[in-house]
Q: 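Have a look at the structure that comes next, please.
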Amino acid sequence: MKIVFMGTPDFSVPVLEKIIEAGHQVGYVVTQPDKAKNRGKKIQHTPVKEKAIENNLIVLQPEKVRGNVEFLDKLKEYNPDIIVVVAYGQLLPIEVLELPKFGCVNVHGSLLPKLRGASPIQQAIIQGEEKTGITIMQMAQGLDTGDMLTKVETTVDHKNATELQKELSELGAKLLVETLALIEDGKITPEKQDDEKSTYAKLIFKQDGKIDFSKSPMEIERLVRGFDPWPGAFCMYNDVQMKLWRTKPLEKKTNQPDGKILEVSNQGIEVSCGGGVLLIEELQVPGKKRVTVEDYLRGNKLEINQFLK
RNA sequence: CGCGGGGUAGAGCAGUUGGUAGCUCGUCGGGCUCAUAACCCGGAGGCCUCAGGUUCAAGUCCUGACCCCGCAA
């Protein structure tokens, strides 16, 4: 099929790869504009752009899609059969949604109608979902409200967001290619989403990673996993930011105040929270890399009875 | 030219006003012990990121490069 691909971050890349592998013709790859971000001021290409260049595909980076006549004309001229959207980062106007013969399809990282929105993968972990997955839907106006075409499930287990995202991204890529074939053959029956059952995964902000030690060990552990690698769950120790990267809830109860350091050993740091105890196994302080508590303790001191805040 | 921290033994850190490097852990050998992630004794292991410069002398000062990381976006 003649395809226009729209996507931006790492999550989108495997999907683009699979589309190319499957032999589809990708006329345009649309991704967010390069921005002078990161340390220094380096301008960085989006992961999708990198992959597109690698495959000699034409890249478009409209600042805004909505009301962009020039962009719309290019799409019309190419006349794609379908537009595939994976974490593109902009809402598409109706003119674009209805332009291709088969419309626009979106690869979304949750089992819709659950977790519509910007951070389905992280939220699935944070909310303690047992399973999540990929839903491919026919895009409609509205945020992730379109009719569902195909789905694939997986378990959350103890995966962190990095692992889960990678897995879902690959599952999604595979499913998309299969779905494209079904669409082409007219063998799909779209299924409406039950709006009553829908939930939202709101956009994550840095500050959301601040740990609240009044929460239960399990909740904090899920936050740590869900926010790996971004923005990271953190707390303060002696006015220094400490990011936690791996923790484990223990089967202990305590009546110590929240955030108190109860025990320090090579196994980790035991901290009281919400009446329970959380074992911190891997952490990171500013300017340093992630290290296990064992490594951290070789050159740093950490006093019992002090508090993490 | 966004702000800032850092690159020193396998690991994590120290290193004072510049004088050829220390600590903790690990590792190797020995000892004590019923036993030990315990304790004691001893040993190995460092082109101090790289390249220039200042100096009698540089991990320590200056310049440049490469790499890692926190903040901010």
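Letters go in sequence order (proteins before strands), and every chain restarts at 1. What you are looking at is a predicted structure, and each value in this text was computed from that prediction instead of being measured.
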Q: Is A:Glu54 salt-bridged to A:Lys51, going by a charged N under 4.0 Å from an acidic O?
A: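 The answer is yes: the pair qualifies as a salt bridge.
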
Q: Take the protein atom CD1 of A:Ile43 and the nucleotide atom C1' of B:A73, then report the distance between them rounded to whole Å.
A: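 Interatomic distance, CD1 of A:Ile43 to C1' of B:A73: 14 Å.
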
Q: Using both distances under 3.5 Å as the test, list the Watson-Crick or G-U wobble partner of B:A44, or none.
A: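 Because no pair has both required distances under 3.5 Å, B:A44 counts as unpaired.
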
Q: Between A:Leu297 (CG) and B:C13 (C1'), how many Å, whole number?
A: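 In whole Å, B:C13 C1' lies 12 Å from A:Leu297 CG.
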
Q: Output the single nucleotide from B:A73, B:A11, B:A72 whose closest atom is nearest the side chain of A:Asp295.
A: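 That would be B:A11.
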
Q: Rounded to the nearest Å, what distance is computed from the CH2 atom of residue A:Trp230 to the C1' atom of nucleotide B:A72?
A: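 Distance check: A:Trp230 CH2 to B:A72 C1' gives 12 Å.
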
Q: When you compare B:G15 with B:U49, how far apart are their P atoms, in angstrom units rounded to a whole number?
A: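 Straight-line distance between the two P atoms is 15 Å.
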
Q: How close or far is atom P of B:G70 from atom CZ of A:Phe234, stated in whole angstroms?
A: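 Distance check: A:Phe234 CZ to B:G70 P gives 13 Å.
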
Q: Could you give the distance separating B:A11 and B:U27 at their C1' atoms, to the nearest angstrom?
A: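 Comparing C1' positions in B:U27 and B:A11 gives a spacing of 11 Å.
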
Q: Please enumerate all protein N or O atoms sitting under 3.5 Å from an N or O of nucleotides 3-5 of chain B, with distances to 0.1 Å.
A:
| residue | atom | partner | partner atom | Å |
| --- | --- | --- | --- | --- |
| B:G5 | N2 | A:Gly287 | O | 3.1 |

Q: Write down the distance separating the C1' atoms in B:C32 and B:C39, rounded off to the nearest Å.
A: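 Rounded to whole Å, the distance is 8 Å.
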
Q: How many Å lie between NZ on A:Lys289 and P on B:G6, as a whole number?
A: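 Atom NZ in A:Lys289 sits about 16 Å away from atom P in B:G6.
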
Q: Just list the side-chain donor-acceptor pairs under 3.5 Å for residues 74-90 of chain A, sequence neighbours left out, or say none.
A:
| residue | atom | partner | partner atom | Å |
| --- | --- | --- | --- | --- |
| A:Tyr78 | OH | A:Gln25 | O | 3.1 |
| A:Tyr78 | OH | A:Gln25 | OE1 | 2.8 |
| A:Tyr78 | OH | A:Gly27 | N | 3.0 |
| A:Asp81 | OD2 | A:Lys2 | N | 2.8 |
| A:Tyr88 | OH | A:Gln90 | NE2 | 3.3 |
| A:Gln90 | OE1 | A:Val65 | N | 3.0 |
| A:Gln90 | NE2 | A:Gln32 | OE1 | 2.8 |
| A:Gln90 | NE2 | A:Pro62 | O | 3.4 |
| A:Gln90 | NE2 | A:Glu63 | O | 3.3 |

Q: Counting only Watson-Crick pairs (N1-N3 plus N6-O4 or O6-N4) and G-U wobbles (N1-O2, O6-N3), all under 3.5 Å, who is the partner of B:G26?
A: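 Across any shown strand, B:G26 pairs with none.
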
Q: Using Watson-Crick or G-U wobble geometry with both distances under 3.5 Å, which nucleotide pairs with B:G70?
A: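 B:C3 - that is the nucleotide pairing with B:G70, both distances being under 3.5 Å.
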
Q: Do you see a donor-acceptor pair shorter than 3.5 Å between the side chains of A:Thr254 and A:Ser272?
A: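 Absent: no donor and acceptor within the cut-off.
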
Q: Using atom CD of A:Gln32 as one end and atom P of B:A73 as the other, report the distance to the nearest whole Å.
A: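 Going from A:Gln32 (CD) to B:A73 (P), I get 18 Å.
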
Q: Flag the pair A:Asp295 and A:Lys288 as a salt bridge only when some basic side-chain nitrogen lies within less than 4.0 angstrom of an acidic carboxylate oxygen.
A: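 Looking at A:Lys288 together with A:Asp295, the answer is no, because their closest N to O distance does not fall below 4.0 Å.
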
Q: Under a 3.5 Å threshold, yes or no: a donor from one side chain and an acceptor from the other, between A:Ser198 and A:Gln193?
A: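 Side chains of A:Ser198 and A:Gln193: no pair found under 3.5 Å.
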
Q: Give A:Asn266 one of three labels, base, sugar-phosphate or nothing, depending on what nucleic acid heavy atoms sit under 4.0 Å from its own.
A: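 Since no nucleic acid heavy atom lies under 4.0 Å of A:Asn266, the category is nothing.
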
Q: To the side chain of A:Gln284, which of B:G70, B:C71, B:C68 is closest?
A: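 Of the candidates, B:G70 comes closest.
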
Q: Of all of residues 299-309 of chain A, which get a heavy atom below 4.0 angstrom from RNA chain B, listed by number?
A: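 A:Gly299, A:Asn300 - these, ordered by number, are the residues of the stretch whose heavy atoms sit under 4.0 Å from the strand.
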
Q: Provide the distance between the two P atoms, one in B:C47 and one in B:U63, to the nearest whole Å.
A: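 B:C47 and B:U63 have their P atoms separated by 27 Å.
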
Q: A:Lys151: which residues meet the side-chain contact (heavy atoms from CB on, under 4.5 Å) condition with it, sequence neighbours left out?
A: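 By the side-chain contact (heavy atoms from CB on, under 4.5 Å) rule, A:Lys151 matches A:Leu111, A:Thr135, A:Met148.
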
Q: Have a look at A:Lys243 and say if it touches a base, only the backbone sugar-phosphate, or nothing, with a 4.0 Å heavy-atom cut-off.
A: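 Sugar-phosphate contact only - A:Lys243 comes under 4.0 Å of backbone atoms but never of a base.
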
Q: Provide the distance between the two P atoms, one in B:C23 and one in B:G70, to the nearest whole Å.
A: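 Comparing P positions in B:C23 and B:G70 gives a spacing of 32 Å.
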
Q: With rounding to the closest Å, how many angstrom separate the C1' atoms on B:C56 and B:U24?
A: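 Pairwise C1' distance, B:C56 against B:U24, rounds to 36 Å.
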
Q: Using the C1' atom as the point on both nucleotides, what is the distance between B:A58 and B:C71, in whole Å?
A: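 Here B:C71 and B:A58 have their C1' atoms 32 Å from each other.
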
Q: Which of these, A:Arg246, A:Lys243, A:Arg225, sits in a salt bridge (Lys or Arg N to Asp or Glu O under 4.0 Å) with A:Glu282?
A: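 Going through A:Arg246, A:Lys243, A:Arg225 one by one, the salt bridge (Lys or Arg N to Asp or Glu O under 4.0 Å) with A:Glu282 is satisfied by A:Arg246 alone.
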
Q: Any pair with a residue in residues 117-130 of chain A that passes side chain to side chain donor-acceptor pair (under 3.5 Å), sequence neighbours left out, goes on the list, sorted by first then second residue, please.
A: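 Non-adjacent pairs meeting side chain to side chain donor-acceptor pair (under 3.5 Å): A:Lys114-A:Glu129.
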
Q: Between A:Lys174 and A:Glu170 (salt bridge meaning N to carboxylate O under 4.0 Å), is one present in this structure?
A: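 Between A:Glu170 and A:Lys174 there is no salt bridge, as every charged N stays at least 4.0 Å from the carboxylate O atoms.
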
Q: With a 3.5 Å limit on both atom pairs, tell me what B:C39 is paired to, counting Watson-Crick and G-U wobble, or say none.
A: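 Result: B:G31.
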
Q: For the residue pair A:Ile280 and A:Val293, what are the closest heavy atoms and their distance?
A: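 Looks like O-CG2, 3.1 Å.
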
Q: Can you check the A:Asp239 CG to B:C71 P distance for me, whole Å?
A: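 It works out to 16 Å between those atoms.
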
Q: When both hydrogen-bonding distances must be under 3.5 Å and the geometry is Watson-Crick or G-U wobble, what is B:A57 paired with, if anything?
A: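 Partner of B:A57: none.
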
Q: I need the NZ-C1' distance between A:Lys210 and B:C71, as an integer number of Å.
A: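 In whole Å, B:C71 C1' and A:Lys210 NZ are 16 Å from each other.
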
Q: Under the rule for side-chain contact (heavy atoms from CB on, under 4.5 Å), what residues qualify as partners of A:Asp185, not counting sequence neighbours?
A: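 Once residues adjacent in sequence are excluded, the partners of A:Asp185 under the side-chain contact (heavy atoms from CB on, under 4.5 Å) criterion are A:Lys187.
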
Q: Please give the distance between the P atoms of B:C61 and B:G7 as a whole number of Å.
A: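 That atom pair is separated by 12 Å.
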
